[in-house]
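Report on one structure; see the data block that follows.
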Amino acid sequence: MKNVIKLFFSIFLCSIFLTNAHSAGEKIDLLKTDWSFKGYLGKFDRGSLQRGYQVYTEVCASCHSMKYLSYRNLSEKGGPEFTEEQAKAIASNFEVTDGPNSDGEMFTRPAKLSDKFVMPYANVEEAKISNGGAYPPDMSVLVKARSGGADYIYSVLLGYEDPPEGMILDDGVYYNKYMYGNKIKMPKQLYEDLVTYNDGTPATPEQMAKDVVTFMAWSAEPHLEARHKIGFRALIYLIILTILVYFSMKKIWSRVESEV
Amino acid sequence: MSDHNYVPSSKIGKWFNDRLPLLTLADHLKEYPTPKNLNYWWTFGGILTFCLITQIITGIVLGMHYIAHADYAFDSVEHIMRDVNYGWLIRYVHANGASMFFLAVYIHIFRSLYYGSYKSPREVIWIIGMIIYLLMMMTAFMGYVLPWGQMSFWGATVITNLFSAVPFFGEGITNWLWGGYSVDNPTLTRFFSLHYLLPFLILGLVILHIWALHVPGNNNPIGIDLKKPSKDTVPFHPYIVIKDLFALLLFLIVFAFFVFYSPNVLGHSDNYIEANPLVTPAHIVPEWYLLPFYAILRSVPDKLLGVVAMFASIFILIILPWLDTSKIRSAIFRPIYKQLYWILVLDVLILGYMGAMPAEGTYLLIARVATAYYFIHFLVILPLLGKREKTLDVPLSITEPVLGGSPNPQMVKKKEQLS
C-alpha cells in the first residue's frame with residue numbers, strides 16, 4: 001500500500017508541475033465572482049444565461065459575432081433553455097440571406113432555429129473599418145481563448161479606469177486595468193440600467209458582466225453540464241472499481257507474496 | 001521464453017494451432033514468467049499500451065468528423081465539440097490522452113534509467129523504445145497542428161523553420177516540408193496524413209518492443225538475472241495482469257480528472273483562436289512534453305548548433321547502453337549513481353520549466369547550465385562512474401535478498417565476479 005501511495009503521489013506531483021509550468025507567466029489579480037458553473041457538479045444558472053443572452057443581443061451583438069451558435073442551441077438542454085417557441089420567436093427577429101431560389105435569385109427570410117447566429121458584419125474588413133481598425137473578436141469560444149477565462153473577461157468588462165498620470169492614449173483607445181497591455185479599443189459598454197431585465201434583476205454593471213460572461217462560458221463549452229455530470233459518475237465508478245480490483249489483487253497475490 | 005510444447009485440448013484448437021500457432025502465443029503470454037518483485041513503476045508498460053490504443057480509437061473517430069483544410073479545420077473542431085454526439089468527450093480524451101501518454105512514457109523511461117533496464121541484454125528493447133518515443137513526439141507535434149489554432153500554426157512555423165538551419169539545403173528542406181513557401185494548407189493536409197500513419201508504425205514497434213522484451217524477460221528492481229521459471233517468478237496471468245489493471249485504474253482516475261474537470265489546462269488558450277499568419281502570439285510555447293528539448297534548443301546561441309544540440313539530446317539516449325559502463329543494473333546498489341539519477345531528474349524538470357519561460361536573463365542562464373549538465377551526465381559522468389563507483393553487494397536471488405545486517409557470503413556476488 002505504501003508503494004501505491006508513493007506512486008499516486010508522484011503522478012499527482014507531476015501533474016501539478018506540468019499544470020504550473022504551462023500557465024506560468026505574469027499574473028495580475030483578476031476580479032472574482034462566484035460562477036455557478038465551477039466545481040465538480042457546477043451548472044449554469046439558467047436565469048443568468050437568459051439575461052446574458054439579452055445583454056449579448058442588446059449590447060454586444062452590434063459588433064461581436066457568435067458564429068458557432070445556432071438559434072436552436074438557445075432551447076437545448078444545458079443551455080439557456082428557452083422554450084422552443086421562445087427560441088423560434090428570437091430567431092424570427094433576424095433576417096438571413098438564403099437562396100438561390102428557382103429563379104436563381106438570393107432572397108432574405110426570417111431566421112429559423114437551424115440558422116447560425118446572424119453576424120453583425122459581412123466580413124473581417126467591414127468589421128475593422130467600422131471599429132477604428134480593431135477587429136471585434138468572435139465571442140463563441142472567447143472564454144477558452146483567453147488565459148484567465150471567465151474571470152479575465154469579467155475583469156476586462158469592469159476594468160475601465162482613468163489612465164495613470166502621464167499615459168497618453170490615442171483617439172479611440174481606452175485604458176483598462178486588466179486588458180493585456182492595458183490598452184483596449186472597445187469603449188466601456190456596461191453602464192447602470194443599460195438593459196431592462198424581464199425578471200426584474202437590477203441591471204448593475206457587475207450583474208450584466210456576470211450574466212454575459214456566463215452566457216459566453218456556455219457558448220464556449222455548451223456541453224459543460226453533461227461533462228460535469230458524466231465526469232462525476234465516471235470518477236465514482238472508477239474509484240469503486242479500483243477498490244474492488246485492489247482487494248482482488250491482494251487475494252490473488254496472497255498465494256505467493258504477503259505484500260503487493 | 002516459456003516452453004513451447006503447448007498442445008490445445010480441443011481437436012479444432014489443435015488443428016488450427018498446427019497451422020497458425022496463435023494459441024501457443026496466447027499460452028506464452030499467459031505463462032510468461034515475470035519477476036515477482038516488480039514494483040508499481042513496472043506497470044507503466046501496460047498503461048502505455050492502453051494509451052496508444054485509446055489514442056488510435058479516439059483518433060479514428062475524430063478523423064471521421066475533422067476536415068483537414070486550412071479554411072475548415074478550426075470550424076470542424078468546433079463542430080466536433082458542439083454537434084457531434086459526445087464529440088467533446090472524444091476530443092478531450094484524445095487531447096488529454098496525448099499528455100497522459102507522455103506522462104506515462106516519461107515515467108517508463110525514467111524507471112528504465114533508475115533500474116538499468118537498458119543494459120545488456122536489453123539494449124534492443126531500449127533502442128526500439130527510443131524510436132517509439134521519437135515517433136511519439138513527431139505524432140504529437142503534428143497532431144497539435146491539426147486544430148489550426150494560433151499555437152498550431154506558429155508552433156508548426158517555429159519547428160519546421162529549425163530545418164532552415166541546415167547548411168546549403170536548409171531553405172529547400174523547409175519548403176519541401178511545407179509544400180510551399182510558408183505553413184499553409186499543403187502543410188496541414190500532409191501533417192494530417194502523417195498523424196494518421198505514424199501511430200500504426202508505433203503500434204508495430206510496440207509489438208517488436210514487447211517481443212524483444214520476452215526474449216531475456218523483464219528486468220527487476222534488484223537488477224539481477226533470474227532463472228525462469230523459478231521461485232523468483234510468477235506467471236504473467238493472473239498476477240501481473242491484475243496488478244497492471246489496478247495501476248491502470250489509478251492512472252485512469254487522474255486521466256478522468258483532467259478530461260472531465262480541467263480538459264484545457266494542459267493546452268494553450270491561444271489555440272482557441274483561429275490561425276492567423278498576420279498575428280504572432282506574444283509567447284510561442286510548445287506542448288509541455290516538448291519543453292525540455294525546447295529549452296535545450298534555445299539555450300544555444302547559434303541556431304544550427306541549437307538544433308544539433310536538441311537532436312543530440314535525444315540521440316544520446318539511443319547509445320546510452322554503451323555510455324553507461326557499470327555492470328550493475330539497479331541504482332539500489334549504486335549509491336553515487338542513485339544521487340546523480342535524482343539530480344538528472346531535477347535537471348530535466350528545470351529544463352522543462354525554463355522551456356516555458358522567455359529565453360532571457362536569469363532564465364536563459366539557468367537553462368544553459370541545465371543543458372550543459374544534461375550532456376555532462378550522459379557523456380562524462382556515466383562512462384567514468386561505471387569504472388570508479390564502489391557498488392554494494394548484489395543478492396543472488398529475489399527470494400533471498402540481502403536484508404540489512406551482515407549478508408550471507410554465499411548469497412552474495414561481488415562486483416568483480418560479475419564483470
Side-chain angles (χ1 to χ4, degrees), chain A residues 3-4 6-8 10-12 14-15 17-25 39-40 67-70 73 137-138 140-149 152 180 220-224 226-228 230-232 234-235 237-239 241-243 245-246 248-249 251-253 255-257 260, chain B residues 36-37 39-41 43 75 78-79 81-83 86-89 92 99 103 106-107 149-150 234 238-239 242-243 245-247 249-254 256-274 282-283 285 287-289 291 349 352-353 355-358:
Chain A
N3 289 336
V4 184
K6 225 157 70 180
L7 174 94
F8 209 47
S10 320
I11 298 182
F12 178 70
C14 284
S15 314
F17 173 80
L18 49 100
T19 316
N20 280 345
H22 226 270
S23 56
Y40 291 102
K67 62 178 175 180
Y68 295 118
L69 286 187
S70 303
N73 296 138
D138 183 85
S140 331
V141 279
L142 203 63
V143 165
K144 289 200 285 190
R146 295 290 181 273
S147 92
Y152 171 77
Y180 186 72
E221 198 73 9
H223 298 291
L224 176 133
R227 174 154 64 76
H228 283 178
I230 296 173
F232 199 74
L235 280 175
Y237 174 82
L238 281 172
I239 289 168
L241 186 61
T242 308
I243 293 170
V245 169
Y246 175 73
S248 311
M249 179 180 75
K251 176 92 180 140
I252 289 172
W253 273 81
R255 300 174 206 159
V256 288
E257 254 347 49
V260 186
Chain B
K36 67 190 217 180
N37 64 338
N39 56 33
Y40 282 96
W41 300 111
T43 58
D75 289 358
E78 279 307 314
H79 163 69
M81 292 298 291
R82 288 157 197 278
D83 297 330
Y86 294 99
W88 57 270
L89 179 59
Y92 279 156
S99 281
L103 181 63
Y106 281 124
I107 294 174
Q150 274 288 69
V234 289
Y239 297 99
I242 188 91
K243 196 169 168 180
L245 178 65
F246 172 61
L249 285 168
L250 285 179
F251 184 79
L252 280 181
I253 291 173
V254 179
F257 182 82
F258 274 106
V259 168
F260 291 108
Y261 292 109
S262 19
N264 291 308
V265 75
L266 297 172
H268 197 291
S269 49
D270 276 12
N271 227 27
Y272 280 106
I273 305 172
E274 195 169 354
H283 297 291
V285 211
E287 289 279 82
W288 68 267
Y289 39 80
L291 287 174
L349 290 177
Y353 191 78
M357 296 291 119

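Residues passing the side-chain contact (heavy atoms from CB on, under 4.5 Å) test with A/H223 are B/W88, sequence neighbours excluded. With sequence neighbours left out, the side-chain hydrogen bond (donor to acceptor under 3.5 Å, both in side chains) criterion links B/R82 to B/E78.
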For B/Y261 and A/H228, what are the C-alpha separation, side-chain angles and deciding distance, and is it a ring pair (Phe, Tyr, Trp, His ring centres under 6.0 Å)? CA-CA 7 Å; B/Y261 292 109; A/H228 283 178; 5.5 Å; yes

B/L249/A/Y246 under side-chain contact (heavy atoms from CB on, under 4.5 Å): CA gap, chis, key distance, verdict: CA-CA 10 Å; B/L249 285 168; A/Y246 175 73; over 6 Å; no

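Of the two parts of A/A220, only the backbone, made up of N, CA, C and O, holds a non-hydrogen atom closer than 4.5 Å to a non-hydrogen atom of chain B. Heavy atoms closer than 4.5 Å to chain A are found in both the backbone and the side chain of B/D75. Contacts between B/E274 and chain A at a heavy-atom distance below 4.5 Å involve the side chain alone, from C-beta outward. Contact of B/L89 with chain A is not made at all, since no heavy-atom distance falls under 4.5 Å. Of the two parts of A/S70, neither the backbone nor the side chain holds a non-hydrogen atom closer than 4.5 Å to a non-hydrogen atom of chain B. Heavy atoms closer than 4.5 Å to chain A are found in the side chain of B/Y92, but not in its backbone. With a threshold of 4.5 angstrom between heavy atoms, A/I230 approaches chain B through its backbone and through its side chain.
Across all their heavy atoms, B/F260 and A/A234 have their closest contact at CE1-CB, 3.9 Å. In this structure, A/V141 and B/Y272 approach most closely via the heavy-atom pair CG2-O, 3.6 Å. In terms of heavy atoms, A/V256 sits closest to B/K36 at O-NZ, 4.0 Å. A/S147 approaches B/S269 most closely through the heavy-atom pair N-OG, 3.3 Å. What you find for A/L238 and B/A256 is that their closest heavy atoms are CD1-CB, 3.9 Å.
Note that CE of B/M81 is 12.5 Å distant from OH of A/Y68, once rounded to the nearest 0.5 Å. Expressed to the nearest 0.5 Å, how far CG of A/L235 lies from CZ of B/F257 amounts to 8.0 Å. Here CG of A/L142 is found 8.0 Å from CD1 of B/I273. Values are rounded to the nearest 0.5 Å. Atom CD1 of A/I252 sits about 4.5 Å away from atom CD1 of B/I242, to the nearest 0.5 Å. Here B/L245 contributes atom CG and A/M249 contributes atom CE; the two are 9.5 Å apart, rounded to the nearest 0.5 Å.
Taking A/I239, A/V245, A/L241, A/L224 one by one and counting their heavy-atom pairs under 4.5 Å with chain B, the maximum is reached by A/V245.
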